[in-house]
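These notes are about the structure you will find just below.
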2 protein chains.
Amino acid sequence: MIAVSSSRVASVIRVLLAEDQGMVRGALATLLNLEDDIEVVGEAADGDEALTVAARTRPDVALLDIEMPGKDGITAAASLREALPDCRIVILTTFGRPGYLRRAMESGASAFLVKDSPAKELAAAIRRVLAGERVIDPALAAAALSAGPNPLSPRERDVLAASADGSTIGDVAGRLHLSEGTVRNYLSSAIRKTSARNRIEAVQTAQRQGWL
Amino acid sequence: MIAVSSSRVASVIRVLLAEDQGMVRGALATLLNLEDDIEVVGEAADGDEALTVAARTRPDVALLDIEMPGKDGITAAASLREALPDCRIVILTTFGRPGYLRRAMESGASAFLVKDSPAKELAAAIRRVLAGERVIDPALAAAALSAGPNPLSPRERDVLAASADGSTIGDVAGRLHLSEGTVRNYLSSAIRKTSARNRIEAVQTAQRQGWL
DNA sequence: GGTTCGCGATGACATCTGTCATCCCTGGTC
DNA sequence: GACCAGGGATGACAGATGTCATCGCGAACC
């Protein structure tokens, strides 16, 4: 054998990093590139960019932040799953919300990491995921299971989400092409299901649970 | 002179890093330690810890995240300013809110960085700050100046902040030892001053401006 | 001494919200 | 065919919310 066809070592893990905060993205990329068996082959600042970069670089693992402008990490994960079925997905997020974990898993993610955990766990998770394991914080998994699924119907979810920015009922009705009474009814049942006392509390619990 | 009393190089910059998200903190520390002239001599996960670690390590520069549990970065900056007047302060934050910038500067910070900016700017800012410069994103500075100061009176601010979590007027009145009518009056004027249509919008604009 | 401003309060009023009962229609499912 | 669950709507009602005028008090300022 005269020459190796590719210069890269067989065991190097090719990673795509999608994270909107430039400083965090740069720091994480540096951190990962220090590992002998990991190489960051692509970076993206939002979900859409992550998909185009992934199509070009064909990474072994995609590291996706949830909180990104435009297409969020979970939505991007679902699209990526179709485009590159062999690419493992690691979801990285600021908030360990039960609903996030549930949706991430349903979108085909292999790991779910919160940014609170130590930095060394990132590389470890990437290696474990490539070995076929699933990586989830046990405490968070328990919380997600005990919290149960999203109790809101799709329409209740829509209306609650549209009310989250302080819009008045009239605004929401106009935006969703519903009558004001209907909006009030959906809000009322959303408030009941979230055990809240008003719309604001309902929005907050729903967000805390990752239901929006 | 028989021996140098300290083994450290004269030009090494000793940095304290306060950031609550472990993964980000670890990655930033790694990034900074890669620089020849910078050494992270202490890490902290919240504002109070930052103060104790700073007292022990006496850093040249303190890198403080704003969004931390317990004592936030701006409050910590003010305390640090008293305890270690020679320590330069760099504020690092997710949100480039005008009010944050203003308060950070009033607390004695020398630099204000948003996490959106590229990772390489961090080390650059640390060096410039130590050289006596102030480092502020020009666009953000302009926004802070054009936005003007916080129009809310201290009490309006209190009441609005207490209403942010969806509490009812009765709750807020009880918590702040005010009559319900007074709370309504303060909320009403806060709503007027923020050009909002209701309490929720008022809370949102106030937060977006960094007025809470 | 007069003025202004912030804090705190009251009462009245109009409107917005949240709840409930009730209705129609549609697409399952047993 | 009977029987739900959802989506969508209406009307009525109580209570919460937002606005306004008005008052008293004390501190600051000219």
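Here is how names work: the chains are called A, B, and so on, in the same order as the sequence lines, proteins then strands, and each is numbered from 1.
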Problem - Exam field: side chain A:Arg56 to backbone A:Leu51, donor-acceptor pair closer than 3.5 Å - result: no
Exercise for the section: Round to the nearest Å and state the distance from A:Glu156 atom CD to D:dA5 atom C1'. Expected result: 12 Å
Practice task
Give a yes or no on whether a donor-acceptor pair under 3.5 Å exists between the nucleobase atoms of D:dG18, that is its base, and the side chain of B:Arg184.
Solution key: yes
Fill in the blank from the handout: The nucleotide from C:dG8, D:dG8, D:dT17 with an atom nearest the side chain of A:Arg155 is D:dG8
Exercise for the section: Considering just the side-chain nitrogens and oxygens of A:Arg199, establish if one lies under 4.0 Å of OP1 or OP2 belonging to C:dG18. Expected result: yes
Problem - Under 3.5 Å side-chain donor-acceptor pair for B:Asp72 and B:Thr75 - result: yes
Exercise for the section: State whether A:Ser188 places a side-chain N or O below 4.0 Å from either non-bridging phosphate oxygen (OP1 or OP2) of C:dT19. Expected result: yes
Handout entry: C:dC16 phosphate, OP1 or OP2, under 4.0 Å from A:Thr168 side-chain N/O
Key = no
Practice task
Check whether any side-chain nitrogen or oxygen of B:Ser153 sits under 4.0 Å from OP1 or OP2 of C:dC7, and answer yes or no.
Solution key: yes
Fill in the blank from the handout: In whole angstroms, the gap separating C1' of D:dG8 from CG of A:Leu187 amounts to 14 Å
Exercise for the section: Please work out if A:Asn185 contacts a base, only the sugar-phosphate, or nothing of the nucleic acid, heavy-atom cut-off 4.0 Å. Expected result: base
Exercise for the section: Could you check how far CG of B:Asp171 sits from C1' of D:dA16, rounded to whole Å? Expected result: 12 Å
Handout entry: Separation of atom CG in B:Leu178 from atom P in D:dC25, rounded to whole Å
Key = 19 Å
Fill in the blank from the handout: From OH of A:Tyr186 across to C1' of C:dT19 the rounded distance in Å is 16 Å
Practice task
For the side chain of A:Thr182, starting at C-beta, report the closest nucleotide among C:dT10, D:dG18, D:dG8.
Solution key: D:dG8
Practice task
Send over the distance from B:Glu201 CD to D:dG18 P, rounded to a whole Å.
Solution key: 11 Å
Problem - Under-4.0 Å salt bridge between A:Glu19 and A:Arg25 - result: no
Practice task
Check the distance between C:dT17's P and A:Leu160's CG and give it to me in whole angstrom.
Solution key: 14 Å
Exercise for the section: Answer yes or no: is there an ion pair linking B:Arg127 with B:Glu35, defined by an N-O contact shorter than 4.0 Å? Expected result: yes
Exercise for the section: Grab the CG-P distance between B:Leu152 and C:dC5 for me, whole Å please. Expected result: 17 Å
Exercise for the section: Kindly check if the number of other-residue, nucleotide or ligand heavy atoms within 6.0 Å of CZ (B:Arg58) is above 12? Expected result: no
